[in-house]
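Atoms within a ligand are numbered from 1 in the order they appear, just like the ligands themselves.
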Amino acid sequence: GSADSFGKQVNYEIIGIDPGAGIMKATNKAIEEYGLSDWKLIEGSGAAMTATLAKDIKAKKPIVITGWTPHWMFSKYDLKYLDDPKKVYGEAEEIHTIARKGLEQDEPTAYAFLDRFEWSSDEMGEIMTAIQDGKKPEEAAKAWADSHADRVNEWIKDLKPVNGNPLKLSYVAWDSEIASTNLLQYILQEKLGYKVTALQVEAGPMWTGVANGDVDASAAAWLPLTHADYLAKFKDQIDDLGANMTGVKTGLVVPSYVDVKSIEDLKK
Ligand SMILES: C[SH](C)CC(=O)O
């Protein structure tokens with residue numbers, strides 16, 4: 001008989017990540033808007049998703065995941081985004097840095113640095129790849145900062161270091177934000193004199209912590225679309241310091257050996 005449809009081959013499962021991630025809400029919307037009524041979105045984590053991806057690619061098995069750029073998986077594997085003609089995953093997204101109200105007055109040095117911080121997906125990719133190659137995140141961040149002193153100096157030029165002031169960052173365990181948060185922690189500590197605590201939390205608490213002032217800042221806000229709901233809820237309770245990275249993207253991703261081109265093809 002005819003080969004099983006792609007959906008049947010993957011048991012109609014899209015391998016997702018942590019339930020609070022914006023990409024999960026977008027994927028539930030895609031399931032609805034593209035009429036993928038047979039499909040289920042599997043919740044888990046970034047780490048579980050990449051482990052399943054590795055296993056299935058090793059076995060050359062079909063799989064579809066919630067994916068995003070920048071991510072080390074695109075340099076490790078031959079992957080492609082499924083076309084999204086209904087633009088459910090938006091256009092070009094950005095990763096923003098958000099800060100609690102009052103941080104500018106309380107910690108002008110940290111605020112100015114966080115406001116200036118902006119880098120490229122290639123630069124982030126160097127840290128993500130080093131972590132994938134076995135470096136601890138804090139080691140990979142230190143190595144990157146030490147070998148990119150020019151970039152670090154742009155961000156800290158003329159700023160007055162402090163003497164051990166406490167500072168709290170929050171982030172979600174997405175490989176991209178593990179990289180950026182460890183870099184921010186390294187620079188804030190080693191160059192600007194802060195005592196930094198980096199809290200790894202779910203996406204919701206990442207936003208609520210900054211909004212209620214328990215956390216000073218986060219570099220993990222994906223906007224304008226991915227975290228639109230969180231921003232709508234907290235926009236008057238946070239300072240949006242703008243993009244720390246532009247041209248990022250989320251969507252459904254398959255290994256290139258999967259003969260599917262668009263999200264619409266999942267309906268078959
Ligand atoms: C998975 S992306 C890093 C962020 C998000 O989906 O909330």
Ring centres under 6.0 angstrom apart (F74, W72):
no
Quick note on ligand 1: atoms under 4.0 Å from a heavy atom of I17 include exactly 1 (C)
Contact atoms of ligand 1, heavy-atom distance to H227 under 4.0 Å:
4 (C), 5 (C), 7 (O)
Give the numbers and elements of all ligand 1 atoms closer than 4.0 Å to a heavy atom of G22.
5 (C), 6 (O), 7 (O)
Which residue owns the protein heavy atom closest to atom 6 (O) of ligand 1, what's the atom, and how far is it?
I23 N, 2.8 Å
Verify the ring-centre separation between F6 and Y12: is it less than 6.0 angstrom?
no
Which residue pairs pass the side chain to side chain donor-acceptor pair (under 3.5 Å) test when at least one of the two sits in residues 28-47, sequence neighbours left out?
Y34-D84
Is the ring pair H227/W207 parallel, tilted or perpendicular, if the boundaries are 30 and 60 degrees?
perpendicular
